[in-house]
Amino acid sequence: MNTDPDCIFCKIIAGEIPSFKIHEDSETFAFMDINPANEGHALVIPKEHARDVYSVSDSAISATVKTAKKIAAAVDKTLNPDGLNLLQCNGPAAAQSVMHFHMHVLPRRNGDDLKLNWGLEAGDMDAIGQLAERIRDNL
Ligand code: DGP
């Protein structure tokens, strides 16, 4: 499987950088976003390194979408948001900041006024860790 030793998400998969893991299987990895745009913001990534939608393999994107569906259901059950976006960004104008294909599982609240290109702000690690546990319990 193709991996990139300099990629931050490959390092998370390898356990070289800590993360609040929600789920892992042979093809995908799901964990909490440390700069959450909203409470419960999670990320789903293929284990195979690919930069973006143009280079990800059919099997890796299929597995990622399947896992994202599963994580979305668990996030919905955990937080009962008013809505939820599955979002995937490619290139600078789309605000892609990590060059390893990923899907955002982003719970939404009525009136949260979230813009598509949100700013990156550090999250509360205790709160994020507790949420990871609650979402895992709902898988
Ligand atoms: P994007 O802008 O679509 O490339 O989203 C990348 C997301 O990854 C962004 O919301 C912040 C998150 N992120 C960046 N570095 C880390 C990290 O080291 N750990 C975790 N859990 N999330 C990260």
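All residue numbers in this chain count up from 1 along the given sequence. These values consider heavy atoms only, across backbone and side chains, with no hydrogens, waters or symmetry-generated copies. Start at 1 and go down the list; that is how both ligands and their atoms are numbered.
Under the 4.0 angstrom criterion for non-hydrogen atoms, His102 is in contact with ligand 1. Not a single heavy atom of Phe20 lies less than 4.0 angstrom from ligand 1. Residue contact annotation: Ser19 has no non-hydrogen atom under 4.0 Å from ligand 1. At least one heavy atom of Val98 sits less than 4.0 Å from an atom of ligand 1.
Note on ring orientation: taking the six-membered ring where Trp is involved, the planes of Trp118 and His41 are perpendicular (angle over 60°, cut-offs 30° and 60°).
Formation of a donor-acceptor pair under 3.5 Å by the Asn85 side chain with backbone atoms of Leu87 is not found in this model. Put simply, the side chain of Gln96 gets close to the backbone of Gly91: a donor and an acceptor are under 3.5 Å apart.
Between Tyr54 and Phe101, the ring center distance fails the sub-6.0 Å criterion. Taking the ring centroids of Phe29 and His23, they lie at or beyond the 6.0 Å cut-off. You'll find the ring centres of His102 and His104 inside the 6.0 Å limit.
For atom 20 (C) of ligand 1, the closest non-hydrogen atom of the protein is Ile34 CG1, 3.3 Å. When hydrogens are left out, the protein atom nearest atom 2 (O) of ligand 1 is Ala95 O, 2.7 Å; that is the closest non-hydrogen contact. Protein heavy atom nearest atom 15 (N) of ligand 1, with residue, atom name and distance: Ile8 CD1, 4.2 Å. For atom 4 (O) of ligand 1, the closest heavy atom belonging to the protein is Ser97 N, 2.6 Å. For atom 10 (O) of ligand 1, the closest non-hydrogen atom on the protein side is Asp33 OD2, 2.5 Å. Counting protein heavy atoms only, atom 21 (N) of ligand 1 is closest to Met32 O, 2.8 Å.
Contact atoms of ligand 1 toward Cys89: 3 (O) (distance under 4.0 Å to a heavy atom of the residue). Shown in contact with Asn35 at under 4.0 Å from a heavy atom are these atoms of ligand 1, numbered in order with element: 11 (C). Near Phe31, meaning under 4.0 Å from any of its heavy atoms, are these atoms of ligand 1: 20 (C), 21 (N). Listed by number with element, the atoms of ligand 1 under 4.0 angstrom from any heavy atom of Ile12 are 17 (C), 18 (O), 19 (N).
At a 4.0 Å heavy-atom cut-off, ligand 1 does not touch Ile17 at all. Contacts between Phe101 and ligand 1 below 4.0 angstrom, taking non-hydrogen atoms only, are absent altogether.
The option from His100, His104, Gln96, His41 that lies nearest to atom 3 (O) of ligand 1, judged by heavy atoms, is His104.
For the side chain to side chain contact (heavy atoms under 4.5 Å, CB included) criterion with Cys10, the lone passing option out of Lys47, Glu16, His49, Glu48 is His49.
Contact annotation: the side chain of Asp76 approaches that of Pro81 to within less than 4.5 Å [non-hydrogen atoms, C-beta and beyond].
The existence of a salt bridge linking Glu27 and Lys66 is excluded, since no basic side-chain nitrogen approaches an acidic carboxylate oxygen closer than 4.0 Å.
Closest approach of Ala30 to Val44, counting heavy atoms only: CB-CG2, 4.1 Å.
Residues Asn38 and Arg109 bring no donor and acceptor atom of their side chains to less than 3.5 Å of each other.
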